[in-house]
Protein chains: 2
Amino acid sequence: MARTDDRFRNAYNALLDICGGMEIGTQLPAETALADRMDVSRTIVRTALQKLDSEQLIRWEGRRKTLVRKPEKCHRLEPAETPPSGEELERQFLEWVLRFDVPAGTSLNVAQLSRQFAVPAHNLQEFLAGLARFGLVERRPRGGWRLLGFTAEFAVELSDFRLVLELNAVRQLLTLPESHPVWKKLADIRQEHEALRKDIQSRYHDFSKLDEKFHTVVNSVVKNRFVVEAQKVISLIFHYHYMWDKTREQERNSAAIEEHLEWIDAMLARDLARSEAAAMKHLSTSKDTLLTSLRGHNLV
Amino acid sequence: MARTDDRFRNAYNALLDICGGMEIGTQLPAETALADRMDVSRTIVRTALQKLDSEQLIRWEGRRKTLVRKPEKCHRLEPAETPPSGEELERQFLEWVLRFDVPAGTSLNVAQLSRQFAVPAHNLQEFLAGLARFGLVERRPRGGWRLLGFTAEFAVELSDFRLVLELNAVRQLLTLPESHPVWKKLADIRQEHEALRKDIQSRYHDFSKLDEKFHTVVNSVVKNRFVVEAQKVISLIFHYHYMWDKTREQERNSAAIEEHLEWIDAMLARDLARSEAAAMKHLSTSKDTLLTSLRGHNLV
DNA sequence: GAATTTGATTTTAATTATAAAAAACAATAT
DNA sequence: ATATTGTTTTTTATAATTAAAATCAAATTC
């Protein structure tokens, strides 16, 4: 079979439901009407009707589709399982790379990975082609892919790029009027930082989430598809690194909270120079952390 | 046939050349040696040898491969035509979109486009998956792709992103020491601008190239794979728009030359504030030009 | 007779099957 | 021992296949 007949199965089951709500002996609606109702092409409707006819559930003569008997549970077809989405695949792939410290230069083969992640090979190919645009992987001369990222160089460049984008976000943020919702959000997130600072001994694990939330708030003021796309990749990689690098976590997080607070206060004070300085300081710490964690892992 | 046998054909022809340079009755080198020499797997060498044997050009017994007679022209296989590269495809695609003003929202179908551009469908699929990361196209719910970019909104966002990246480049550039080659390049390109300014009446077409060269020089100081990738797409789109938008070309280019010169002078004077102002002014003009040209085309 | 419905055909694109190429392994000859 | 060849396995890129959608024309109903 070339394609999965998911759509057919779902449509057939929907048709059983429709039959279930009708009296025996009555006529089913026209093919086009059914197709519209189920948001499916007429071809599918017709094959489903054909099956209903051969199952003796309806009698189909020309445009007369008479319900012969009510469908029962045994008539239903196994519903299709949902294939993992693009984002799910992204998550799985990065998790695999970071958890197992897959070294830069590793050959990736689509067949094996597609089995591993339980996605069609086709799908994975597309995903890798997308990553190639960000320089995370490259095509090998004759077929296959090679993992490029996750070297120290990569971390430096990623961090520098992040700095460029976030400084830009900070500058834009400070031009926003008092009434803009971002100010309220910043004030709220400031509270959350203070709360976490108090309980840091027991709750230091919660910082990863708060960190992501804070950066998202800052970046949310930039309405630009390129920036948004780039930040998606950046936050993904930083986030996963935090997840797997557990060295001196409490200490790191404590320091990061202080840096965040200084940064937030500077922005709330509408002080551009101080905000930029605070942002640079924090992002520089982040960069060092990412670098250290990569060094620790890749020196095999 | 599942794959093209390009590699086999090329290898077979190379083998004919090797036979041509040998005396009749002598032995061909070992399979591994041939494979190494032709940068091809042994499997290919063996199938090629098999064909040479069946063509009665060599006698192949075990590890004895004796040349029976010299190959002639008629023995050569049609050499494979080179498939267009990724960059060539990129160029062709953007040229098609801009030349024919393909409107945003158009459904793209891989089969048709792959015929049009004479590339394997596979290849095009990958290319589109890459563009999707930049928000230029998106996957349609059930198969196929949709063109998204090239709306006014897109132009604004692209220009804003460009501004962020180039301002960053300017800031980095001004920190570079006197000895850095970029200063010489800037001085040279300043001369080129002056020369073009003198002959602008007759040579205004040459500005497009000079513009690209200038921006490349400025951006070249940023050694960052993300920035480089992003700038590739940006310059591509701006470049192609300049190519197809011919309204008031001379006037536009004259003005742009003056803006470039002010910008270059500011940088040569190591004046950051003035450089930033000049960059912003020029990029803002560029943005307007891009917007106008899009409006002119898309209001169908 | 106009609108709707159906029958048949064409087109499109996702997936599978498969040939080409590479790699791995085992056997043999030098 | 080493180099070379024979064989098998694995992998990848493309062609073939098929589900689904779209199109078109004929037929039926009101």
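We use all heavy atoms of the structure for the numbers below, so side chains are in, but hydrogens, waters and symmetry mates are not. All chains are named by letter (A, B, ...) in the order of the sequence lines, taking the proteins before the strands, and each is independently numbered beginning at 1.
Atom CG in B/D5 sits about 19 Å away from atom P in C/dT18, given to the nearest Å. The separation between A/L108 atom CG and D/dA13 atom P is 13 Å, rounded to whole Å. The nearest whole Å value for the distance from the CG atom in A/D6 to the P atom in D/dA19 is 13 Å. D/dT14 atom C1' lies 18 Å from atom CZ of B/F8, rounded to whole Å. Put simply, CZ on B/R9 is 10 Å from P on C/dA21, counting in whole angstrom units. When rounded to the nearest whole Å, the span between CD1 of B/I44 and C1' of C/dA21 equals 5 Å. Rounded to whole Å, atom P of D/dT2 lies 21 Å from atom CD of B/E31. A straight line from CG of B/D36 to C1' of D/dA3 spans 13 Å, rounded to a whole angstrom.
Scanning all heavy atoms of the two residues, the minimum distance from A/L57 to A/P71 falls at CD2-CA, 3.8 Å. In terms of heavy-atom proximity, A/L49 sits nearest to A/I58 at O-CD1, 3.8 Å.
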For each nucleotide in nucleotides 23-30 of chain C, reading 5' to 3', give B when a protein heavy atom comes within less than 4.0 Å of its base, S when such contact involves only the sugar-phosphate, and - otherwise. BB---BS-

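Considering only residues two or more places apart in sequence or on other chains, B/F238 meets the ring pair (Phe, Tyr, Trp, His ring centres under 6.0 Å) condition with none of them. Residues satisfying the side-chain contact (heavy atoms from CB on, under 4.5 Å) criterion with B/S41, sequence neighbours excluded, are B/T43, B/I44. In this view, A/E23 and A/T26 satisfy the side-chain contact (heavy atoms from CB on, under 4.5 Å) rule, not counting sequence neighbours. Residues passing the salt bridge (Lys or Arg N to Asp or Glu O under 4.0 Å) test with A/R63, sequence neighbours excluded: none. Residues forming a side-chain contact (heavy atoms from CB on, under 4.5 Å) with A/T32 (at least two apart in sequence, or on another chain): A/A30, A/R42. Shown here are the salt bridge (Lys or Arg N to Asp or Glu O under 4.0 Å) partners of A/K70, two or more places apart in sequence or in another chain: there are none. With sequence neighbours left out, the salt bridge (Lys or Arg N to Asp or Glu O under 4.0 Å) criterion links A/E138 to A/R146. Judged as a salt bridge (Lys or Arg N to Asp or Glu O under 4.0 Å), and not counting sequence neighbours, the contacts of A/R76 are A/D17.
Taking side-chain N and O atoms only, B/K65 has no distance below 4.0 Å to OP1 or OP2 of D/dT4.
Within residues 14-28 of chain A, no residue has any heavy atom under 4.0 Å from DNA chain D.
Of the candidates D/dT7, C/dT6, C/dA22, D/dT7 carries the atom nearest the B/R46 side chain, counting heavy atoms from C-beta on.
Counting only Watson-Crick or G-U wobble pairs whose defining distances are both under 3.5 Å, the stems of 3 or more consecutive pairs in DNA chain C are C:1-30 with D:1-30.
For residues 52-61 of chain A, the set of pairs meeting the side chain to side chain donor-acceptor pair (under 3.5 Å) definition, not counting sequence neighbours, comprises A/K51-A/E55.
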